[in-house]
Every structure is written in C-alpha cells, then in structure tokens.
A.B. asks: 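Starting off with a structure, shown below.
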Amino acid sequence: MDFGGRQIRKGAPEAIGEYCAQKGHRIPTEIGETVKAIANSGGTPLLVAEDYRVLGAIHLKDIIKGGMRERFDQLRAMGIRTIMITGDNPLTAAAIAREAGVDDFLAQAKPEDKLALIRSEQAKGKLVAMTGDGTNDAPALAQADVGLAMNAGTQAAKEAGNMVDLDSNPTKLIEIVEIGKQLLITRGSLTTFSVANDVAKYFAIIPAMFAGAFPQLNVLNIMGLKTPESAILSAVIFNALIIIALVPLALRGVRYRAIGAEALLRRNLLVYGLGGIVAPFVGIKLIDLVITHVGLA
C-alpha cells in the first residue's frame with residue numbers, strides 16, 4: 001500500500017525479507033527473534049515494512065476450538081490418520097499440530113502440494129478424506145475419495161467437494177465415518193447371522209427329513225426332532241419369527257464402537273456368527289416340542 005508517498009507493506013517474513021533486500025536492507029535480528037518466538041508459540045508472524053525497512057511484527061493467533069484434541073483421538077481410535085495442511089510456516093504449523101493433536105502436518109502448502117499429498121496417499125492404497133473451505137482447496141477436495149467442503153467456504157470449494165457441511169465443522173468427518181461404518185457393520189452382521197442361521201437350519205432339519213430313507217442320518221439328528229413333518233414345520237415357523245426379530249436391528253443398525261478392524265471382526269463373528277448357529281438349534285427344538293405336544297405334526 002502506498003500512502004502519502006510512503007510505501008507500506010505487510011506480509012509473511014519471507015516476502016517482506018525479499019522486499020527489503022531490494023534496497024539492501026535486512027530484517028533486524030531482534031525482530032527475527034520475535035518472529036521465531038511467535039511461530040514457536042503457534043502464532044502466525046507478519047512483518048510490516050515502510051520504504052524497505054522493517055517497522056515491526058504482528059502476532060496472529062488461530063484459536064483452536066475446544067475439544068479438538070479429543071475429536072482427533074476419536075479419529076485415531078477408528079484407525080484414521082489425521083494430517084493438517086496449512087499455509088503457515090513449519091514452526092507455526094508444528095506448534096498448532098501439537099496443540100490440536102493431529103498426527104502429521106504439511107506446512108507452507110500450495111494447491112499443488114495438497115493435491116500431490118492426496119495422490120501420494122491414494123497411490124499407497126489408502127482412502128483419503130479432505131475437508132476445506134478455500135478456493136485453493138478445490139483441487140484437493142475434488143481428488144479426495146471423500147471431499148467435505150465447509151458451508152462457510154467459497155463456492156469453488158463447495159462445488160469441488162462430495163458434500164457440504166452446513167455446520168462448517170472440520171471434524172464432522174467423524175460422524176460421516178461413523179455412519180458409513182455402522183451401515184457396513186450392520187450389513188455384514190446381518191449377512192453373517194443369516195449365513196450361519198441357514199447352515200444351522202439345514203443341519204438341523206435335513207437329518208430328520210431323510211432319516212426314513214437313510215437311517216444312517218439318525219446319528220446327525222442331535223436335536224432329536226420327532227418327525228420329518230415337525231422338523232420342516234418348526235424350521236418354517238422359526239424362519240418367519242427370526243425375520244421379524246431382525247427387522248428392528250436392521251432399522252436401528254448395529255452400534256459402532258471405535259475399535260480396530262480385527263477386534264470388530266472377532267466381536268461380530270462371535271456375536272452374530274456363533275449366535276446365528278446357536279439360535280436355530282434352540283429355536284427349532286423348542287418349536288418342535290410345542291407343535292408335537294399340541295399335535296400339529
């Protein structure tokens with residue numbers, strides 16, 4: 001800015017240093033130390049110069065929203081690695097990353113740097129989610145597997161992303177991931193239960209059905225079903241009841257817990273796999289006892 005014949009400039013220390021160097025001036029040592037102190041504290045230093053001479057430094061400080069570290073801990077528990085991408089210098093970026101609790105950071109990033117980082121992670125076979133609000137975030141938002149633009153951001157960012165967060169909360173990815181994982185877990189759990197359930201049902205009724213023609217199969221009739229008719233009727237009734245019982249679970253969804261994939265798989269196999277095997281044996285046997293007692297078969 002030129003004012004009354006005076007050239008006044010404000011900008012990053014590197015830019016102001018280059019500006020002053022045009023006339024052979026340098027940034028004073030004490031101001032350089034101040035710049036480092038500002039950066040180390042997590043602030044953004046700006047320098048003000050007049051007529052190619054540095055007048056002083058400005059300390060800008062981003063306020064990190066409360067609870068951000070806890071939110072990033074949640075993402076980490078889900079197995080998601082968080083990377084902060086910023087245009088700040090490395091010292092400032094490192095301080096903010098420590099305060100916020102992110103896993104890594106990319107400092108002094110230009111649009112092409114953000115794009116290159118996402119492509120690099122994707123080349124490793126990883127799924128990448130990106131949040132952003134600026135026009136310079138648009139290429140990265142478009143490249144990411146999941147692009148979440150902030151509603152308070154620019155139109156370019158909102159058009160490049162897959163979805164727009166109306167609350168403009170960067171950690172909204174947690175809810176997105178939780179919903180997605182819950183849908184996958186619910187589908188997987190119901191499929192596991194159904195497959196195990198069918199195997200158990202056929203194992204329970206086939207020996208009873210064919211024991212008359214093949215007496216050797218009686219050794220497999222471990223449930224002691226009375227007759228082929230009662231076995232088939234019991235299986236049909238059980239199948240109808242279990243479908244009705246699973247409807248609320250399908251609508252509500254299986255609760256998602258922020259644990260590792262292996263632990264989650266073991267838990268679901270134990271609950272829905274083993275449950276799918278045990279339930280038909282118990283249910284069909286009880287129904288068989290009832291219908292033979294009342295003489296339905």
Side-chain angles (χ1 to χ4, degrees), residues 12-14 34-46 57-122 124 126-141 143-154 157-158 160-181 256-260:
E14 296 80 6
T34 300
V35 166
K36 290 181 181 179
I38 293 172
N40 286 327
S41 69
T44 300
L46 296 178
I58 298 174
H59 182 172
L60 296 181
K61 175 67 175 178
D62 290 326
I63 299 176
I64 297 178
K65 294 181 180 179
M68 289 293 287
R69 177 175 286 275
E70 291 75 15
R71 300 282 279 179
F72 287 131
D73 286 341
Q74 285 181 262
L75 287 171
R76 199 171 295 109
M78 294 178 185
I80 298 174
R81 179 168 169 261
T82 55
I83 302 177
M84 180 185 74
I85 305 176
T86 176
D88 284 327
N89 65 69
L91 290 176
T92 300
I96 295 175
R98 286 194 302 269
E99 185 177 351
V102 298
D103 297 313
D104 202 356
F105 66 89
L106 177 65
Q108 294 179 329
K110 299 183 287 296
E112 53 269 27
D113 298 326
K114 302 177 184 181
L115 190 60
L117 175 62
I118 290 178
R119 286 177 174 169
S120 173
E121 294 295 326
Q122 290 173 330
K124 300 174 185 176
K126 298 179 181 179
L127 292 176
V128 180
M130 164 85 181
T131 64
D133 59 2
T135 300
N136 60 353
D137 293 324
L141 285 168
Q143 177 65 36
D145 298 289
V146 178
L148 179 62
M150 302 295 102
N151 190 45
T154 63
K158 289 188 279 189
N162 302 111
M163 57 190 78
V164 177
D165 176 22
L166 298 180
D167 297 329
S168 295
N169 182 359
T171 61
K172 185 59 69 67
L173 277 174
I174 294 177
E175 282 76 14
I176 295 173
V177 171
E178 285 180 343
I179 292 172
K181 285 182 176 288
Y256 170 70
R257 290 181 173 84
I259 57 178

A.B. asks: Nearest 0.5 angstrom please: L166 CG to M150 CE, how far?
C.D. replies: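 With rounding to 0.5 Å, CG (L166) is 10.0 Å from CE (M150).
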A.B. asks: Does the T82 side chain pair with the main chain of D103, one donor and one acceptor, at a distance under 3.5 Å?
C.D. replies: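 Flag set: sc T82 to bb D103 pair under 3.5 Å.
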A.B. asks: Please report the interatomic distance CD(Q122) to NZ(K124), rounded to the nearest 0.5 Å.
C.D. replies: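 Q122 atom CD to K124 atom NZ measures 11.5 Å (nearest 0.5 Å).
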A.B. asks: What do the steps show when you test N136 against K114 for side chain to side chain contact (heavy atoms under 4.5 Å, CB included), and what is the final call?
C.D. replies: CA-CA 9 Å; N136 60 353; K114 302 177 184 181; 3.7 Å; yes
A.B. asks: Rounded to the nearest 0.5 Å, how far apart are CG of D113 and CG of L117?
C.D. replies: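 Reported value, rounded in 0.5 Å steps: 9.0 Å.
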A.B. asks: Between CG of D145 and CE of M130, what distance do you get to the nearest 0.5 Å?
C.D. replies: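 Between atom CG of D145 and atom CE of M130 there are 13.0 Å.
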A.B. asks: With side chain to side chain contact (heavy atoms under 4.5 Å, CB included) as the test, would you mind laying out the steps for R119 and V128 before giving the verdict?
C.D. replies: CA-CA 9 Å; R119 286 177 174 169; V128 180; over 6 Å; no
A.B. asks: Partners of R69 by salt bridge (Lys or Arg N to Asp or Glu O under 4.0 Å), sequence neighbours excluded?
C.D. replies: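 If we apply the salt bridge (Lys or Arg N to Asp or Glu O under 4.0 Å) test to R69, skipping adjacent residues, there are no hits.
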A.B. asks: Which value, rounded to the nearest 0.5 Å, describes the distance between K110 atom NZ and I85 atom CD1?
C.D. replies: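 Here the rounded value is 13.0 Å.
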A.B. asks: State the CG-CG distance between L115 and D137, to the nearest 0.5 angstrom.
C.D. replies: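 Rounded to the nearest 0.5 Å, the CG-CG separation comes to 11.5 Å.
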A.B. asks: Taking side chain to side chain donor-acceptor pair (under 3.5 Å) as the definition, give me every residue that meets it alongside S120, ordered by chain and number, with sequence neighbours left out.
C.D. replies: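 Result, side chain to side chain donor-acceptor pair (under 3.5 Å) vs S120: none returned.
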A.B. asks: Taking the side chain as C-beta and beyond, is there a heavy-atom pair between L60 and L46 under 4.5 Å?
C.D. replies: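 When only atoms from C-beta onward are counted, L46 and L60 do touch, with a gap below 4.5 Å.
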A.B. asks: Look only at the side chain of T86 and the backbone of A93, and say whether a donor-acceptor pair between them is shorter than 3.5 Å.
C.D. replies: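 No.
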A.B. asks: Go through the structure and list residues passing salt bridge (Lys or Arg N to Asp or Glu O under 4.0 Å) with K126, not counting sequence neighbours.
C.D. replies: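 Checked K126 against salt bridge (Lys or Arg N to Asp or Glu O under 4.0 Å); matches are E121.
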A.B. asks: Looking only at heavy atoms, which two atoms of A95 and A39 are closest? And how far apart?
C.D. replies: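 Answer, listing the atom of A95 first, then A39: CB-O, 3.9 Å.
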A.B. asks: Where do I38 and A57 come nearest, in terms of heavy atoms and distance?
C.D. replies: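 Scanning both residues, the minimum pair turns out to be CD1-CB, 4.3 Å.
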A.B. asks: To check you understand the geometry: which heavy-atom pair defines the closest contact between H59 and G43, and what is its length?
C.D. replies: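 Distance-wise, the nearest heavy atoms are NE2-CA, 3.6 Å.
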A.B. asks: Which pair of heavy atoms, one from P45 and one from T92, lies closest together, and at what distance?
C.D. replies: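 Heavy atoms only, the tightest pair is CD-OG1, 3.9 Å.
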A.B. asks: Which pair of non-hydrogen atoms, one from L141 and one from A149, has the smallest distance, and what is that distance?
C.D. replies: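 Looking at all heavy atoms of both residues, the closest pair is CD1-CB, 4.3 Å.
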A.B. asks: Compare every heavy atom of L91 with every heavy atom of N40, then report the nearest pair and how far apart it is.
C.D. replies: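 Minimum heavy-atom contact is OD1-CD2, 3.4 Å.
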